Amino acid sequence: MTDRYDVIIAGAGPAGGQAARDLASRGYDVCVLETESRDEFPSRSNKSTAGTFPSTMASFNIPDEVVMNFTDDVVLESPNHHFKRHQPGAVLEFADFKNWLVEESEADGAEYYFDARVSKPIMEGGEIVGVRYNGDEEVYGDIVIDATGPSAPLAKKLGVCNLQRERQAIGIEYEFEGMDIDADGYADLTDTMMLRLDHDLAPGGYSWIFHTGGDTAKVGVCYIQNQGHRDNARTGFTIDDYLQYWVDTDPRFENAERIAGKQHRGSAHIQLPTRMSTDNFMAIGDTVPTVDPLWGEGIDKCMRSGRMAAATADRVLTHSERDTSASQLKIYDQLWHDRVAPKVKKRLFMTEMLYRTSNERYDSLISSLHNYSEDQLESANQGSLLGMLRLLKFEDLSILASTAKDWFSN
Ligand SMILES: Cc1cc2nc3c(=O)[nH]c(=O)nc-3n(C[C@H](O)[C@H](O)[C@H](O)COP(=O)(O)OP(=O)(O)OC[C@H]3O[C@@H](n4cnc5c(N)ncnc54)[C@H](O)[C@@H]3O)c2cc1C
């Protein structure tokens, strides 16, 4: 290994892989340090359902080979109602997708080091100049990027992120075969991604069934340990218990079997980032954190953050005098707010409100969605204040007030 690079990236997830891809294709010397071994990659980090949309597929040239199933619709489900909306998408095979990102960036010249667990920054004059990995091994670079997701060993030590435990969303998913995808009394889930709001199954969060073709599907549960969770949780239930409870009680799983070895789990923080860069350093993806708070869409957001960090690095490294100081890299923070997660504050507030809402209100909300136009629904989903207010009813005012109270006191 050369011990000096233009850019060092810790973590080969969607964020790190995309940043490496963009930088290597611009001719920079890039090294990616990934904690997992190459043979098993990704195993522990194979965590995602990987539902994506055409804009992501097109923006990043994601090939059909890593798609398990192209979907036509999104379904929102509550305990007694559902709402179907035409919205094409693609459910990726996450492990194949991660390996594709590695291969693409390697083909452009990025160097990957697997079995390389990054532990801390190497500091000189109060600035990061390299990273230490696997105990005492060292590598140096002009810019260092932390893309390790929630573990964030560099960003935490540099005080760039402050991931809060109480803001951590946890998720678990199994893949099933033998599912009844078009069961009586439920929406037809053929070629759909379905999200279910139901505190009985996912208190303070949501559960999902993403059809992966034939009688197979990815089925999962996630929640934040927020007020909505505390109000609705069952004593002693773990997240695995909630998923098992759903499988045991929903007729769609009556003849379903878990596919061996196909289990995914992970976490991400649902919180407002403070800063994301400092001298010679940027944090991207879920290290920031970047995942969309409302529906957990992280792949697109994290790849975009990788792309914005790469664009920032390109800008400062092309100068004959490389200035990688905090004031220059701050451009990345701006790009993140403008292009990666605009309206993040409103979406966080909507998320807080949504997951405090009762099951009865979920039912009335989902059954009323038919009354709104596509444009109105899109504007609410995008975090427009007017769009959000249109969906609210008088009975939501107390939740609005309590969410606002907690929001402003934090
Ligand atoms: C259960 C679940 C379901 C999800 N479903 C969807 C979905 O349907 N659609 C969607 O868009 N998003 C989904 N997401 C979110 C999405 O998967 C994440 O937002 C995204 O993977 C984050 O990308 P990242 O590159 O920032 O981090 P990660 O994917 O976490 O990648 C980080 C990488 O860094 C490596 N690493 C960690 N620590 C170190 C270290 N110390 N040294 C070196 N390497 C290290 C890890 O092994 C990993 O390869 C889901 C998440 C979960 C948990």
Side-chain angles (χ1 to χ4, degrees), residues 8-20 31-38 40-53 55-57 62 68 71 74 89-92 94-95 97-99 101-102 112-120 131-134 137 145-157 161 168-174 193-195 202 205-210 212 218-223 239 243 263-270 283-293 295-306 309 340:
I8 302 167
I9 300 172
Q18 183 57 39
C31 134
V32 183
L33 303 169
E34 164 58 47
T35 190
E36 293 197 28
S37 72
R38 177 147 221 159
E40 292 177 1
F41 179 77
S43 51
R44 285 189 315 283
S45 69
N46 184 9
K47 62 183 186 186
S48 188
T49 316
T52 57
F53 295 99
S55 55
T56 313
M57 303 293 287
I62 299 174
M68 293 175 84
T71 52
V74 170
V91 182
L92 307 183
F94 192 59
F97 163 68
K98 282 186 77 166
N99 276 302
L101 266 179
V102 172
Y112 275 77
Y113 296 90
F114 288 86
D115 274 321
R117 187 177 169 280
V118 171
S119 52
K120 57 180 170 184
V131 302
R132 194 152 286 142
Y133 65 99
N134 292 351
E137 300 203 54
I145 295 179
D146 193 338
T148 56
S151 55
L154 304 172
K156 281 180 191 162
K157 291 210 171 82
C161 74
Q168 189 183 31
I170 50 173
I172 173 160
E173 166 183 278
Y174 303 148
M193 298 188 213
M194 183 278 271
L195 298 164
Y206 59 91
S207 55
W208 65 88
I209 299 176
F210 283 12
T212 47
K218 293 181 174 183
V219 178
V221 169
C222 74
Y223 52 74
I239 192 156
L243 183 48
Q263 176 181 309
H264 315 286
R265 67 172 72 225
S267 71
H269 290 74
I270 306 297
I284 63 177
D286 279 347
T287 301
V288 172
T290 302
V291 64
D292 179 62
W295 298 121
E297 191 190 355
I299 292 174
D300 180 81
K301 302 272 172 216
C302 293
M303 290 177 88
R304 271 178 214 283
S305 76
V340 178

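Start at 1 and go down the list; that is how both ligands and their atoms are numbered. Everything numeric here is computed off the predicted structure, so don't read it as measured data.
In terms of polar-atom proximity, S151 is counted as a contact of ligand 1, with an N or O under 3.5 Å from an N or O of the ligand. Backbone and side-chain nitrogen or oxygen atoms of T49 are examined, and one is located within less than 3.5 angstrom of a nitrogen or oxygen of ligand 1. The shortest N or O to N or O distance between T35 and ligand 1 is below 3.5 Å. No N or O atom of T52 sits closer than 3.5 Å to an N or O atom of ligand 1. Of the N or O atoms in I299, one or more lie within a sub-3.5 Å distance of an N or O in ligand 1. Of the polar atoms of P150, none of the N or O atoms is found under 3.5 Å from an N or O of ligand 1, judged by distance alone. Considering backbone and side-chain atoms together, G285 places no N or O closer than 3.5 Å to any N or O of ligand 1.
Here A147 has backbone heavy atoms under 4.0 Å from ligand 1, and that is the only part of it that gets that close. Using a 4.0 Å cut-off between heavy atoms, C302 contacts ligand 1 through its side chain alone, with no backbone atom that close. When non-hydrogen atoms are compared, ligand 1 lies under 4.0 Å from the backbone of A116 (N, CA, C, O) but not from its side chain. When non-hydrogen atoms are compared, ligand 1 lies under 4.0 Å from the side chain of F94 (C-beta onward) but not from its backbone. Residue contacts with ligand 1, taken as heavy atom pairs separated by less than 4.0 Å, involve A50 solely via the backbone atoms N, CA, C and O. The part of L33 lying near ligand 1 is the backbone, judged by heavy-atom distances below 4.0 Å.
In this structure, of G13, G171, S43, P14, the residue bringing a heavy atom nearest to atom 23 (O) of ligand 1 is P14. Of the candidates K218, K47, K98, E297, it is K47 that places a heavy atom closest to atom 52 (C) of ligand 1. Nearest to atom 48 (C) of ligand 1 by heavy atom, out of K120, E34, K301, Q18, is E34. Nearest-heavy-atom check against atom 22 (C) of ligand 1 across L195, I239, L101, D286 picks out D286.
The closest approach between any non-hydrogen atom of H264 and ligand 1 is not below 4.0 Å. At least one heavy atom of A12 sits less than 4.0 Å from an atom of ligand 1. Taking a 4.0 Å cut-off on heavy atoms, G296 registers as neighbouring ligand 1. The shell of residues lying under 4.0 angstrom from ligand 1, judged by heavy atoms, excludes Y133.
Contact annotation: the side chain of V74 never approaches that of W295 to less than 4.5 Å [non-hydrogen atoms, C-beta and beyond]. Under the 4.5 Å side-chain criterion, counting only non-hydrogen atoms from C-beta, Y113 is in contact with L33. Within the 4.5 Å cutoff, side-chain heavy atoms of N99 are placed close to those of P42. Under the 4.5 Å side-chain criterion, counting only non-hydrogen atoms from C-beta, I284 is not in contact with Q18. Inter-residue side-chain proximity for H269 and P150 is flagged as met; some heavy-atom pair is nearer than 4.5 Å. A 4.5 Å side-chain heavy-atom check between K98 and S45 finds at least one atom pair inside the cut-off. Taking the side chain as every heavy atom from C-beta outward, I62 and F97 approach each other to under 4.5 Å. Between R304 and T290, the closest side-chain pair of non-hydrogen atoms is not below 4.5 Å.
Separating the OG1 atom in T52 from the CD1 atom in I299 is a distance of 6.5 Å, to the nearest 0.5 Å. Annotation: the span from T49 atom OG1 to E297 atom CD amounts to 12.0 Å, rounded to 0.5 Å. To the nearest 0.5 Å, atom CZ of residue R132 and atom CD of residue E137 are 11.0 Å apart.
Scanning the protein heavy atoms around atom 34 (O) of ligand 1, the nearest turns out to be G11 CA, 3.2 Å. With hydrogens left out, the protein atom closest to atom 27 (O) of ligand 1 is G149 CA, 3.7 Å, a heavy atom. G298 N, 3.0 Å is the protein heavy atom nearest to atom 12 (N) of ligand 1. What sits closest to atom 39 (C) of ligand 1 on the protein, heavy atoms only, is T148 CG2, 3.5 Å. Counting protein heavy atoms only, atom 8 (O) of ligand 1 is closest to G51 N, 2.9 Å. Closest to atom 42 (N) of ligand 1, if we only count protein heavy atoms, is V118 N, 2.9 Å.
Atom numbering of ligand 1 starts at 1 in the shown order; those under 4.0 Å from a heavy atom of A15 are 25 (O), 26 (O). If you number the atoms of ligand 1 from 1 as listed, the ones under 4.0 Å from a heavy atom of S48 come out as 3 (C), 4 (C), 5 (N), 6 (C), 7 (C), 12 (N), 13 (C), 14 (N), 16 (C), 17 (O), 50 (C). Each of the atoms 41 (N), 42 (N) of ligand 1 lies under 4.0 Å from some heavy atom of R117. The ligand atoms of ligand 1 that sit less than 4.0 angstrom from a heavy atom of G266 are 53 (C). Remark: ligand 1 atoms within the under-4.0 Å shell around heavy atoms of S45 are 46 (C), 47 (O), 48 (C), 49 (O). Near F210, with a cut-off below 4.0 Å to any heavy atom, the atoms of ligand 1 are 8 (O).
Between M193 and F53 the shortest heavy-atom distance is CE-CE2, 4.2 Å. Between V291 and D286 the shortest heavy-atom distance is N-OD1, 3.1 Å. The two residues A10 and V118 come nearest to each other via the heavy atoms CB-CG2, 3.8 Å. Closest non-hydrogen pair, S305 versus A15, comes out as OG-CB, 4.4 Å. Contact between F41 and E34 at its shortest, heavy atoms only, is CE1-CD, 3.6 Å. L101 approaches Y112 most closely through the heavy-atom pair O-OH, 4.1 Å.
Ring-plane geometry between W208 and Y206 is classed as tilted, the angle between the planes lying from 30 to 60 degrees on a 0 to 90 degree scale.
Looking at D146, I8, I9 one by one, the single match for side-chain contact (heavy atoms from CB on, under 4.5 Å) with V131 turns out to be I8.
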